[in-house]
Amino acid sequence: MTGTAPAPFTADDYRARMARAARAAADAGLAGLLVAPGPDMVWLTGYAPPADTERLTLLVLAPGRDPVLVVPTLEAPDAARAAGASALTLRDWTDGKDPYAVTAALLDASGRFGISDNAWAMHLLGLQRTLPGTSYASLTEALPMLRAVKDAAELELLAAAGAAADQAFEEIRKVAFAGRREYEVGADLAGLLRAFGHSRVDFTIVGSGPNGANPHHEMGDRLIERGDMVVLDFGGLKDGYGSDTTRTVHVGEPSDEERRVHDIVREAQEAGFRAVRPGVPCQEVDRAARAVIAEAGYGEYFIHRTGHGIGVTTHEPPYMIEGEEQPLVPGMCFSVEPGIYLPGRFGVRIEDIVTVTEDGGRRLNDTTREMVIVD
């Protein structure tokens, strides 16, 4: 079911990413980047250390200098086996030594650095004590588009993740919904994502009936009934890259109003997709989708942004939201997911992952966006 494994990224791939990140830091007026364990470190080096360790692990990138990974000595063997290890220098420190002094030797004592959003406050404060002349900005603030533009290999992985999520939807629509609990359908969805190659399931939202009016409803023990609209939003990571799709199904025949609301959301999703092309500000995708819903009289019931980026995490910049003037660039990938949520009654959301092409956009999800009737 999982298909052929993709070719792994090479040390040259990671070397190019680190060089690109260092150039971006220089362009942003930064003395360098300090990358803590998490998605950015995985993307830049291929190394995934324990994110919950209290021992300092930090990738130091500075324009004109070779990348250095500061690691605890006991973690150094694992770091040396990472796919990008040959593209950087390892600098290890042993328990009882001062890791901030080791790191400080690599930094401009009066520089301003971008630092991972998820860096431990303990580590940032330790660096500030050691180098009081330094200052810091979060990576999301300083370089929000660092991972936003995907290369051909990344696009292939995202497309494969999207196809796997589509396969999961095609199978879940065949199962019985009526008379089952939301969490039971959610467990089916999670199992299908894994069966079609996902190594990690990040979320399986199953919002039935009035629960569908909560966009981030966590599946519960509500018994799904005939006549329910059911929002299915699910995704995770396959081969290190994300999937995220939403379809709204109906248990038995829908009412005229339910069909009408579903059709409005489908038209809004299409409008958002058609707004995608290079050079267009992100906010225009949101405006295009939102206009359809507002014109139909449901504007107050569309209560979230139209989309978010996706890559090595299922939510990342760029964001399709009013006020975001970042132009779309070929290779960007993000969701287009308008919705209408009628409190106490039902909700509808339709979501595809879209990538920007040279002349428009391409969907990475291909299941039907028409109303699907389930049993």
Side-chain angles (χ1 to χ4, degrees), residues 39 117 138-141 143-150 158 162 165 202-203 205 207 211-218 231-236 242-248 261-262 264-329 331-343 346-356 361-365 369:
D117 297 15
S138 75
L139 277 185
T140 293
E141 174 191 335
L143 295 176
M145 298 299 135
L146 180 63
R147 304 194 317 253
V149 178
K150 275 64 178 179
L158 282 162
D202 284 348
F203 48 88
I205 293 172
N211 288 341
N214 176 0
H216 280 176
H217 169 72
E218 293 189 6
V231 178
L232 303 173
D233 184 349
F234 50 98
S243 68
D244 186 1
T245 188
T246 308
R247 294 293 185 264
T248 303
V261 171
H262 191 281
I264 292 165
V265 174
R266 179 173 52 79
E267 291 167 11
Q269 207 268 348
E270 177 68 19
F273 169 69
R274 292 193 178 280
V276 175
R277 60 185 182 278
V280 169
C282 291
Q283 67 182 3
E284 292 301 329
V285 178
D286 182 84
R287 288 175 176 177
R290 200 168 298 276
V292 173
I293 292 174
E295 288 168 9
Y298 291 92
E300 66 183 292
Y301 302 111
F302 181 11
I303 56 177
H304 56 73
R305 65 196 176 203
T306 293
H308 58 81
I310 190 169
V312 293
T313 57
T314 49
H315 288 74
E316 62 185 46
Y319 297 104
M320 307 301 114
I321 189 171
E322 181 66 30
E324 179 52 81
E325 297 179 351
Q326 166 68 41
L328 298 179
V329 176
M332 283 183 173
C333 292
F334 47 84
S335 65
V336 178
E337 50 176 307
I340 293 174
Y341 308 94
L342 303 179
F346 65 89
V348 176
R349 182 165 65 257
I350 300 172
E351 173 186 15
D352 293 327
I353 299 302
V354 173
T355 184
V356 184
R362 175 170 69 97
R363 284 187 168 102
L364 300 186
N365 296 104
R369 285 164 285 276

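The minimum heavy-atom distance between Leu342 and Ala213, with the atom names listed, is O-CB, 3.4 Å. Across Met320 and Ser335, no two heavy atoms sit closer than the pair CG-O, 4.1 Å. When every heavy atom of Ala271 is checked against every heavy atom of Val292, the shortest pair comes out as CB-CG2, 3.8 Å. Thr245 and Ala165 make their closest contact through CG2-CB, 4.0 Å (heavy atoms, listed as atom of the first residue, atom of the second, distance). For the residue pair Met332 and Leu328, the shortest heavy atom distance occurs at SD-CA, 3.9 Å. Here the shortest heavy-atom pairing between Leu158 and Cys333 reads CD1-SG, 3.6 Å.
Taking 4.5 Å as the limit, every side-chain heavy atom of Ser243 sits out of range of all side-chain heavy atoms of Phe234. For the pair Arg247 and Asn365, the minimum side-chain heavy-atom distance is below 4.5 Å. Between Val231 and Thr246, the closest side-chain pair of non-hydrogen atoms falls below 4.5 Å. Residues Lys150 and Thr355 form no side-chain contact, since every pair of their non-hydrogen atoms from C-beta on lies 4.5 Å or further apart. By the 4.5 Å heavy-atom criterion applied to side chains, Val261 and Tyr301 are not counted as neighbours. At a threshold of 4.5 Å between non-hydrogen side-chain atoms, the residues Arg363 and Gln269 count as touching. Residues Arg147 and Pro39 form a side-chain contact, since some pair of their non-hydrogen atoms from C-beta on lies under 4.5 Å apart. Side-chain contact between Phe273 and Arg369 is absent, with no heavy-atom pair separated by less than 4.5 Å.
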task: Walk me through it: do Glu267 and Arg274 pass the test salt bridge (Lys or Arg N to Asp or Glu O under 4.0 Å)?
output: CA-CA 10 Å; Glu267 291 167 11; Arg274 292 193 178 280; over 6 Å; no
message: Run Phe334 and Val356 through side chain to side chain contact (heavy atoms under 4.5 Å, CB included) and show every step you take.
response: CA-CA 9 Å; Phe334 47 84; Val356 184; 3.6 Å; yes
- request: Please step through side chain to side chain contact (heavy atoms under 4.5 Å, CB included) for the pair Glu316 and Thr140, ending with a clear verdict.
  value: CA-CA 9 Å; Glu316 62 185 46; Thr140 293; over 6 Å; no
message: Could you walk me through whether Asp244 and His308 satisfy the side-chain hydrogen bond (donor to acceptor under 3.5 Å, both in side chains) test, starting with their C-alpha distance in whole Å, then the side-chain angles of each, then the deciding distance to 0.1 Å, before giving a yes or no?
response: CA-CA 10 Å; Asp244 186 1; His308 58 81; 3.0 Å; yes
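Between the side chain of Thr306 and the backbone N or O of Pro338 there is no donor-acceptor pair closer than 3.5 Å. Put simply, the side chain of Asp117 never gets that close to the backbone of Ser138: no donor and acceptor are under 3.5 Å apart. For Thr248 (side chain) and Arg349 (main-chain N/O), a donor-acceptor pair under 3.5 Å exists by modelled atom type.
In this structure, Glu218 places its CD atom where only 12 or fewer heavy-atom neighbours from other residues, nucleotides or ligands lie under 6.0 Å away. Within a 6.0 Å sphere centred on CZ of Arg287, heavy atoms belonging to other residues, nucleotides or ligands number more than 12.
A centroid separation of less than 6.0 Å is found between the aromatic rings of Tyr341 and His304.
Ionic pairing of Arg362 and Asp352 is not present here: no N-O contact between side-chain nitrogen and carboxylate oxygen is shorter than 4.0 angstrom.
Taken to the nearest 0.5 Å, the CD1 atom of Ile264 stands 13.0 Å off from the CZ atom of Phe302. In this structure, CD1 in Ile205 is found 4.0 Å from CG in Asp233, a value given to the nearest 0.5 Å.
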